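First up is the structure itself, then whatever we jot down about it.
Numbers restart at 1 for each chain; the letters A, B, ... are given by sequence-line order, proteins then strands. Keep in mind that this is a model prediction, so the values were computed, not measured.
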2 protein chains.
Amino acid sequence: MSENNKQKAVLSVTEDIRAKILDGTYPEGMALSQVDIASTYQVSRTPVREALQILAGEELVEIRDTGRATVTTISPESFLEKCELRALIEVKLLELSIPLMGAEDIAKARELNESLKKCAPEEWTPLNYLFHEILYKPANRPLMQNVIKDLHHRHYARLKSFILSHRNTPRSLREHDELIDRCERQDIEGACYALESHIMMSAYALAEQLKSQQLKRRQTASL
Amino acid sequence: MSENNKQKAVLSVTEDIRAKILDGTYPEGMALSQVDIASTYQVSRTPVREALQILAGEELVEIRDTGRATVTTISPESFLEKCELRALIEVKLLELSIPLMGAEDIAKARELNESLKKCAPEEWTPLNYLFHEILYKPANRPLMQNVIKDLHHRHYARLKSFILSHRNTPRSLREHDELIDRCERQDIEGACYALESHIMMSAYALAEQLKSQQLKRRQTASL
DNA sequence: TACCAACAAAATGTATCCATTATGGTTTTA
DNA sequence: TAAAACCATAATGGATACATTTTGTTGGTA
């Protein structure tokens with residue numbers, strides 16, 4: 001066979017459920033029954049329960065004291081605060097990075113932004129993270145970088161549909177270009193300010209969308 | 001009976017192992033065998049496995065791809081970076097808090113610092129966290145506050161023995177007093193600077209101790 | 001002595017079984 | 001009719017049994 005499919009059940013189940021939560025297949029609030037998942041993946045409940053604990057630790061599912069697991073919901077308030085945190089840390093990373101950046105880092109960033117300009121909508125979120133990752137790498141702060149990665153992957157990724165519908169990517173790309181220019185000029189203050197705006201502007205817009213959608217959903221539910 | 005002892009096994013096992021890791025009963029690198037734990041708590045391996053997954057999510061234990069679980073180790077580098085992150089977020093919280101502080105917040109902070117002056121060594125870590133928590137409450141940033149709480153509880157607490165041996169608490173208490181004064185005077189910049197020094201100074205001292213102890217331990221091990 | 005193979009012991013991974021608890025609908029009663 | 005009690009169903013929590021993998025040891029060979 002071409003590859004080794006014999007991965008531990010816990011891992012593959014965890015990965016698959018995580019992916020389905022992130023891409024919206026399992027929507028907010030959906031009940032995750034151990035027996036259903038077990039029969040879906042043709043495994044026993046034992047690995048399923050461990051997978052749910054792992055995902056609960058990632059705040060993707062919530063396990064109530066009755067034992068029932070559901071997909072967590074994203075409140076506009078907590079989303080905004082996550083963006084604030086993201087901005088705080090990313091600005092710090094950028095501030096530490098800029099003095100240590102070499103020409104090749106700038107070149108890589110430009111290259112990635114070009115890829116972003118041409119990429120399919122599906123690829124946007126991961127490529128966007130890679131772009132930011134390159135900018136922060138010189139700072140050499142693996143832990144902070146990891147926090148950012150988590151915020152991007154575990155949380156931001158769940159809003160992909162919003163991001164796509166918002167269609168602010170052209171502006172994002174322009175802002176990326178500006179950011180790179182400022183880095184190249186070693187304009188730390190300007191770059192940090194640009195980055196903070198870049199993050200928080202889209203944050204407010206997305207939070208508004210979130211709010212109005214949840215309002216709509218609640219109205220539909222009460223019919 | 002005075003209380004309901006019938007808690008779920010997963011929870012009580014998780015809590016107990018967590019406490020033992022934090023207080024050093026289970027030291028860095030110690031192997032956590034499922035069967036041993038199960039027999040220790042008189043439960044089957046099923047809840048033990050879930051508990052280990054939860055603790056792995058908290059980065060208190062590491063589960064290797066062989067399935068073996070061990071208590072995670074704290075490298076001086078990662079400790080310093082955690083302190084940097086802590087300082088970054090706490091300074092932000094303080095900056096947001098000060099303009100919203102009332103007289104009763106200041107009073108509470110003073111009160112807590114007085115308790116700190118008189119408290120037993122055992123009580124220092126949790127009380128110290130409470131002191132900081134009060135200062136950040138007006139900022140109304142539950143998520144950031146939670147990150148800070150985690151950093152304090154899950155990580156800082158493991159260094160209790162170092163903190164005690166370091167005996168820098170008198171200076172800490174003076175710094176706390178100064179911090180409160182600056183808050184009362186609405187001296188945002190000064191307070192933030194004082195807080196950052198307060199955190200990072202002890203961070204560097206602790207990191208040095210960590211380094212020398214790990215060096216000593218490695219030398220002893222190689223005998 | 002150093003290295004490798006084979007085997008034995010121990011630990012983990014998963015499935016299945018039973019006990020307990022929560023849930024939803026039905027019936028009963030005020 | 002509305003609310004409370006009850007029961008049947010379904011789901012979770014934990015224990016046990018078995019399969020698989022890992023690890024350590026022993027014995028043999030160069």
Side-chain angles (χ1 to χ4, degrees), chain A residues 1 3-18 20-21 26-73 221-223, chain B residues 1 3-21 26-73 221-222:
Chain A
M1 55 187 83
E3 57 174 345
N4 188 4
N5 297 352
K6 210 173 182 180
Q7 202 183 181
K8 286 179 192 170
V10 189
L11 293 182
S12 53
V13 169
T14 306
E15 282 172 21
D16 205 84
I17 298 178
R18 185 191 293 121
K20 286 201 164 72
I21 292 175
Y26 294 165
E28 288 186 9
M30 178 178 174
L32 297 173
S33 151
Q34 294 175 11
V35 287
D36 289 355
I37 296 171
S39 71
T40 299
Y41 295 99
Q42 294 290 323
V43 296
S44 78
R45 277 172 50 225
T46 312
V48 172
R49 289 170 54 178
E50 289 180 36
L52 289 174
Q53 292 289 4
I54 292 172
L55 294 168
E58 298 177 11
E59 293 181 50
L60 290 176
V61 322
E62 182 190 347
I63 299 180
R64 299 204 173 74
D65 41 7
T66 64
R68 306 296 166 88
T70 57
V71 178
T72 53
T73 63
S222 65
L223 288 181
Chain B
M1 56 185 85
E3 57 173 347
N4 188 3
N5 297 354
K6 209 172 182 179
Q7 204 182 181
K8 284 179 192 170
V10 188
L11 293 182
S12 53
V13 170
T14 306
E15 283 171 21
D16 206 83
I17 298 178
R18 184 190 292 122
K20 287 201 164 72
I21 292 175
Y26 293 164
E28 288 186 9
M30 176 180 176
L32 297 173
S33 150
Q34 294 174 13
V35 287
D36 289 354
I37 296 170
S39 71
T40 300
Y41 295 99
Q42 294 291 320
V43 295
S44 78
R45 277 170 50 225
T46 313
V48 172
R49 291 172 57 90
E50 290 182 36
L52 289 174
Q53 291 290 4
I54 291 172
L55 294 168
E58 299 177 12
E59 294 181 47
L60 290 176
V61 323
E62 182 189 349
I63 299 180
R64 300 203 173 74
D65 42 6
T66 63
R68 306 296 165 89
T70 57
V71 178
T72 53
T73 63
S222 65

Identify the two heavy atoms, one from A:Ala9 and one from A:Val43, that lie closest to each other, and give their separation to 0.1 Å.
CB-CG1, 4.0 Å
Answer whether the closest heavy-atom distance between the side chains of B:Gln53 and B:Glu50 falls below 4.5 Å.
no
Euclidean distance, A:Thr70 OG1 relative to A:Arg64 CZ, rounded to 0.5 Å:
4.0 Å
I'd like to know if the side chain of A:Thr72 and the backbone of A:Glu59 have a donor-acceptor N/O pair within less than 3.5 Å.
yes
Closest contact, heavy atoms only, A:Ala69 versus A:Leu52
CB-CD1, 4.1 Å
With heavy atoms of chain B within less than 4.0 Å as the criterion, where does contact along DNA chain C begin and end?
C:dA11 to C:dT21
Minimum heavy-atom distance between A:Asp65 and B:Lys8, given as atom pair plus value:
O-NZ, 2.9 Å
pair A:Ile54-A:Val10: side-chain heavy atoms closer than 4.5 Å:
yes
Are the side chains of A:Tyr41 and A:Val48 in touch, meaning some heavy atoms are under 4.5 Å apart?
no
Describe the nucleic acid contact of B:Thr46 in one word from base, sugar-phosphate, nothing, applying a heavy-atom distance below 4.0 Å.
base
Considering heavy-atom distances to DNA chain D, does B:Asp65 or B:Lys8 have its closest nucleotide positioned more toward the 5' end?
B:Lys8
Can you list, in residue-number order, the parts of residues 9-19 of chain B that come under 4.0 Å of DNA chain C, counting heavy atoms only?
none
Please figure out whether A:Val43 or B:Ala69 has its closest DNA chain C nucleotide nearer the 5' end.
B:Ala69
Mapping B:Asp36 and A:Arg68 to their closest nucleotides on DNA chain C, which lands nearer the 5' end?
B:Asp36
Between B:Leu32 and B:Leu55, is any pair of side-chain heavy atoms under 4.5 Å apart?
no
Between A:Thr40 and A:Asp16, is there a side-chain heavy-atom distance shorter than 4.5 Å?
no
Start and end of chain B contact along DNA chain D [non-hydrogen atoms, under 4.0 Å]
D:dG13 to D:dT23
